[in-house]
Amino acid sequence: QVHLVESGGGLVQPGGSLRLSCVVSGFTLDDYAMGWFRQAPGKEREFVAAISRSGGNTYYADSVKGRFTISRDNAKNTVYLQMNSLKLEDTAVYYCAATVVSLFGPYDVWGQGTQVTVSS
């Protein structure tokens with residue numbers, strides 16, 4: 001069975017940092033491009049960042065450019081999202097997802113999500 005399990009969420013103050021991890025099992029990670037998405041209360045799920053199979057290409061939503069960094073370690077079957085300079089509006093449930101098509105989807109394998117709350 002294919003599983004993506006996110007971790008690393010929590011409560012942080014504005015300006016703080018957090019690193020999310022997504023551990024993949026049930027498939028070969030390097031066969032998939034990976035993405036991070038988030039969904040805030042009352043809002044639609046939105047794209048955050050994506051990384052190609054080898055890690056050579058990345059793409060970010062404008063709202064997180066310069067603050068977030070997506071990376072992957074295929075040997076560890078893990079994808080990361082380093083979040084710096086966190087803002088109140090970054091509060092959301094963050095999901096990792098996998099695609100065999102492209103950085104732009106379709107993403108058809110999803111994790112359960114991890115809560116990130118930015119508050120002071």
Side-chain angles (χ1 to χ4, degrees):
Q1 296 182 2
V2 177
H3 293 284
L4 280 64
V5 180
E6 302 95 333
S7 63
L11 176 64
V12 298
Q13 295 184 352
S17 297
L18 206 61
R19 189 181 76 161
L20 306 183
S21 298
C22 175
V23 178
V24 175
S25 63
F27 64 94
T28 303
L29 182 58
D30 59 9
D31 288 339
Y32 291 79
M34 300 293 295
W36 285 95
F37 297 77
R38 66 187 182 186
Q39 186 169 20
K43 296 184 178 180
E44 297 291 326
R45 184 170 58 193
E46 65 176 343
F47 170 79
V48 175
I51 188 166
S52 61
R53 292 169 179 81
S54 65
N57 292 309
T58 58
Y59 182 73
Y60 298 92
D62 288 342
S63 59
V64 306
K65 285 182 179 178
R67 300 189 299 119
F68 290 11
T69 303
I70 187 171
S71 61
R72 64 191 297 161
D73 186 338
N74 289 349
K76 295 182 178 179
N77 291 331
T78 303
V79 180
Y80 304 96
L81 184 68
Q82 178 66 46
M83 305 183 294
N84 299 326
S85 301
L86 283 161
K87 302 176 179 179
L88 181 66
E89 53 264 40
D90 294 320
T91 295
V93 177
Y94 283 71
Y95 301 88
C96 66
T99 175
V100 298
V101 180
S102 77
L103 296 181
F104 306 104
Y107 287 86
D108 51 9
V109 184
W110 295 82
Q112 85 290 344
T114 185
Q115 176 70 49
V116 173
T117 302
V118 184
S119 181
S120 63

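Remember, it's a predicted structure, so these values are computed and weren't measured experimentally.
The main-chain N or O of Cys96 is found under 3.5 Å from a side-chain atom of Glu6 such that the two form a donor-acceptor pair. A donor-acceptor pair is defined here as one N or O able to donate and one able to accept, closer than 3.5 Å; no such pair exists between the side chain of Thr91 and the backbone of Thr117. Judged by distance alone, the side chain of Ser52 and the main-chain N or O of Asn57 form a donor-acceptor pair under 3.5 Å.
Taken from CD1 in Ile70 to OH in Tyr60, the straight-line distance is 6.5 Å, to the nearest 0.5 Å. With rounding to the nearest 0.5 Å, the separation of CG in Leu81 from OG1 in Thr69 is 8.0 Å. Separation of atoms OG (Ser21) and CG (Asn77) is listed at 12.5 Å; rounding is to 0.5 Å.
Residue pairs meeting the ring pair (Phe, Tyr, Trp, His ring centres under 6.0 Å) criterion with at least one member in residues 9-32, sequence neighbours excluded, are Phe27-Tyr32.
Asp73 and Thr78 share no donor-acceptor pair across their side chains, judged by distance under 3.5 Å alone.
In this structure, the side chains of Arg53 and Val100 come closer than 4.5 Å at one or more pairs of heavy atoms. In this structure the side chain of Val24 never reaches within 4.5 angstrom of the side chain of His3, judged on heavy atoms.
Counting non-hydrogen atoms of neighbouring residues, nucleotides and ligands closer than 6.0 angstrom, the CD atom of Gln13 reaches no more than 12 such neighbours.
Closest of all the heavy-atom pairs between Val2 and Gly26 is CG2-O, 3.8 Å. Contact record, Asn74 with Asp30: ND2-CB, 3.2 Å, taken as the closest heavy-atom pair. Taking each heavy atom of Ser85 and Ser17 in turn, the nearest pair found is N-OG, 4.3 Å. The shortest heavy-atom contact between Val79 and Met34 is CG2-CG, 3.5 Å. In terms of heavy atoms, Gly35 sits closest to Tyr107 at N-CE2, 3.5 Å. A pairwise comparison of heavy atoms in Leu20 and Met83 identifies CG-CE, 3.7 Å as the closest pair.
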For this session: List the steps, then state whether side-chain contact (heavy atoms from CB on, under 4.5 Å) holds for Thr114 with Val93.
Result: CA-CA 5 Å; Thr114 185; Val93 177; over 6 Å; no
For this session: Test Arg72 against Tyr80 for side-chain contact (heavy atoms from CB on, under 4.5 Å), laying out the working first.
Result: CA-CA 6 Å; Arg72 64 191 297 161; Tyr80 304 96; 6.0 Å; no
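Trp110 and Val23 fall into different hydrophobic clusters, defined by Ile, Leu, Val, Met, Phe, Trp and Tyr side-chain heavy atoms under 4.5 Å apart, directly or through other members. One hydrophobic cluster, built from ILVMFWY side chains closer than 4.5 Å, holds both Phe104 and Tyr95. Linking ILVMFWY side-chain heavy atoms closer than 4.5 Å, directly or via other members, places Leu88 and Leu18 in two distinct hydrophobic clusters.
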Identify each donor-acceptor pair in which a side-chain atom of residues 37-50 lies under 3.5 Å from a protein atom, sequence neighbours left out, and give them as a table.
residue: Arg38; atom: NE; partner: Glu46; partner atom: OE2; Å: 2.7
residue: Arg38; atom: NH1; partner: Asp90; partner atom: OD1; Å: 2.9
residue: Arg38; atom: NH1; partner: Tyr94; partner atom: OH; Å: 2.9
residue: Arg38; atom: NH2; partner: Glu46; partner atom: OE2; Å: 3.3
residue: Arg38; atom: NH2; partner: Ser63; partner atom: OG; Å: 3.4
residue: Gln39; atom: NE2; partner: Lys43; partner atom: O; Å: 3.1

